[in-house]
2 protein chains.
Amino acid sequence: MTPQEQQEPQAPQETPSPKRRRGRPTGARAGDSGTRERILAAARAVFSERGYDRTSIRAIARAAEVDPALVHHYFGAKEQIFEAAIEVSFAPALSVPELLAAGPEGVGERLARYFLSVWQNPVTRAPLLAVVRSAVTNETAATVLRGFVLRRLLLRVVGELDLPDARLRAELAAAQMMGVVLMRYVLKVEPLASATEEEVVAYVAPTIQRYLTAAE
Amino acid sequence: MTPQEQQEPQAPQETPSPKRRRGRPTGARAGDSGTRERILAAARAVFSERGYDRTSIRAIARAAEVDPALVHHYFGAKEQIFEAAIEVSFAPALSVPELLAAGPEGVGERLARYFLSVWQNPVTRAPLLAVVRSAVTNETAATVLRGFVLRRLLLRVVGELDLPDARLRAELAAAQMMGVVLMRYVLKVEPLASATEEEVVAYVAPTIQRYLTAAE
């Protein structure tokens with residue numbers, strides 16, 4: 001997110017007149033405090049439904065019932081809207097550094113349990129899944145996701161690990177969780193898909209623990 | 001693959017006449033021994049380029065320069081063509097039971113090294129990646145992949161493991177490798193993307209070894 005996006009920006013122009021909106025239902029007025037949020041919610045819905053490739057600024061604007069210029073004003077290009085959408089969808093992941101900060105003992109179990117709980121809940125799972133799908137199928141979306149995960153998560157995680165190869169280790173732990181999530185919630189491979197969270201945690205926690213704490 | 005697909009089938013009709021082919025270049029004659037292979041190669045190329053969702057029998061036929069009826073004759077519906085494509089793309093995975101059969105000692109290392117070598121090579125990576133992308137974004141493709149992996153791989157792997165939860169363990173090992181592959185070759189997260197195969201093997205092998213051999 002650029003600093004410009006973090007503040008509440010001023011609209012670049014007055015509210016588009018009904019004539020310029022070509023008969024669409026009256027949307028948010030530029031400058032409405034909720035407009036940015038509404039565009040963001042629409043963007044997440046459209047990205048989620050169509051994936052990154054087939055999402056256009058125009059489609060997001062239509063879903064949010066605003067002028068496309070307003071979408072561009074608040075977020076910039078499609079890449080930046082996607083980044084803002086990731087920011088919201090990945091909000092649960094930003095608790096990971098706290099879980100690490102609680103100390104090395106049991107960190108594998110804490111992280112494995114936390115990850116599964118986030119993915120088990122359809123409300124948090126759907127937007128995460130949409131981001132992963134976009135990133136797996138589109139190079140630009142992958143780049144945006146990579147940058148986000150690096151800046152917002154990985155560097156903070158690495159700050160908590162006092163080990164050689166800290167970043168590689170964090171990524172391997174993430175890879176284990178990503179793989180489990182993919183096979184359990186996306187490909188729905190049995191018996192992994194129907195195993196209880198505790199069964200999965202029992203197997204996966206020692207893996208995470210080893211990557212993040214074992215000095216070997 | 002149904003038994004019907006495994007034998008060389010008879011064409012349902014004579015070679016379509018040039019008139020019926022609407023001026024397309026003369027394609028394979030029905031009954032050509034290479035026709036099935038040619039359709040399959042075209043199918044893999046089209047699935048790979050467009051993903052499962054946006055691939056049609058018609059597009060495959062066009063790429064193979066045959067009549068769509070011939071595609072249907074050899075393979076049936078889109079699902080079955082996708083399954084046949086997986087069969088080819090996943091051929092390297094079918095060596096996994098052999099690697100297991102060589103005994104428990106060092107199995108984690110053998111498997112991790114083998115997986116990475118298959119994904120490291122662009123020739124074997126591209127078609128695998130295409131299948132994974134399709135399965136991650138399309139429910140039907142996921143079902144076909146799941147069935148294939150279960151029948152052709154998982155059941156054979158489990159036959160080699162003499163442990164409780166053998167299938168769950170095999171899936172968790174696969175999840176670790178899938179996650180690594182995704183982060184290394186698709187999302188290209190650093191330093192995992194640029195680490196040597198040996199560095200990755202050193203970290204991942206004990207994980208695979210534990211899932212497949214540790215009675216805990």
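Throughout, a chain's letter reflects where its sequence line sits, starting with A, and its residues are numbered from 1.
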I'd like to verify something: which residue of A:D165, A:V180, A:L129, A:V181 has the highest number of heavy-atom pairs under 4.5 Å with chain B?
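Heavy-atom pairs under 4.5 Å are most numerous for A:D165.
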
What residue in A:P191, A:G147, A:G51, A:A141 has the most heavy-atom pairs under 4.5 Å with chain B?
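Heavy-atom pair counts peak at A:P191.
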
Should the ring pair A:F47 and A:Y52 be called parallel, tilted or perpendicular, given that the plane angle runs from 0 to 90° and is split at 30 and 60?
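Taking A:Y52 first and then A:F47, their aromatic rings lie parallel (interplane angle under 30°).
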
Within the distance-only criterion (no hydrogens, no angle test), does the side chain of B:R169 pair as donor or acceptor with the backbone N or O of B:L212 below 3.5 angstrom?
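Side chain of B:R169 to backbone of B:L212, a donor-acceptor pair under 3.5 Å: no, none is there.
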
Would you say A:E190's side chain and A:S194's backbone share a donor-acceptor pair under 3.5 angstrom?
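Between the backbone of A:S194 and the side chain of A:E190 there is a qualifying donor-acceptor contact (under 3.5 Å).
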
Please flag which part of [X] lies under 4.5 Å from any non-hydrogen atom of chain B: side chain, backbone, both or neither.
{"X": "A:R146", "value": "side chain"}
{"X": "A:L182", "value": "side chain"}
{"X": "A:V204", "value": "both"}
{"X": "A:A174", "value": "both"}

Option in [options] with maximal non-hydrogen atom pairs under 4.5 Å from chain A:
{"options": "B:V186, B:V200, B:L168, B:L150", "answer": "B:L168"}
{"options": "B:E171, B:M183, B:R133, B:M178", "answer": "B:E171"}
{"options": "B:S134, B:G179, B:A142", "answer": "B:G179"}

Looking at side-chain heavy atoms only, is the closest gap between A:Y185 and A:Q120 below 4.5 Å?
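Side-chain contact under 4.5 Å: yes.
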
Side-chain contact, heavy-atom cut-off 4.5 Å: A:R210 with A:Q176?
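In short, these two side chains do not touch, never coming nearer than 4.5 Å.
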
If every non-hydrogen atom of A:T55 is compared with every non-hydrogen atom of A:R50, which pair is closest and at what distance?
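The pair with the smallest heavy-atom distance is OG1-CB, 3.8 Å.
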
A:E197 bridged to A:R184 by N-O distance under 4.0 Å:
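Here A:E197 does not pair with A:R184 in a salt bridge, since their nearest N and O are not under 4.0 Å apart.
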
Report all side-chain donor-acceptor pairs from residues 90-107 of chain B shorter than 3.5 Å, counting only partners two or more places apart or in another chain.
unit_1, atom_1, unit_2, atom_2, d
B:S95, OG, B:P92, O, 3.4
B:S95, OG, B:Y114, OH, 3.3

Region of B:L145 in contact with chain A, defined by heavy-atom distances below 4.5 Å
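When you check distances to chain A, only side chain atoms of B:L145 fall under 4.5 Å.
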
Under 4.5 Å from any heavy atom of chain A - which part of B:E139:
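For B:E139, side-chain heavy atoms alone lie under 4.5 Å from chain A.
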
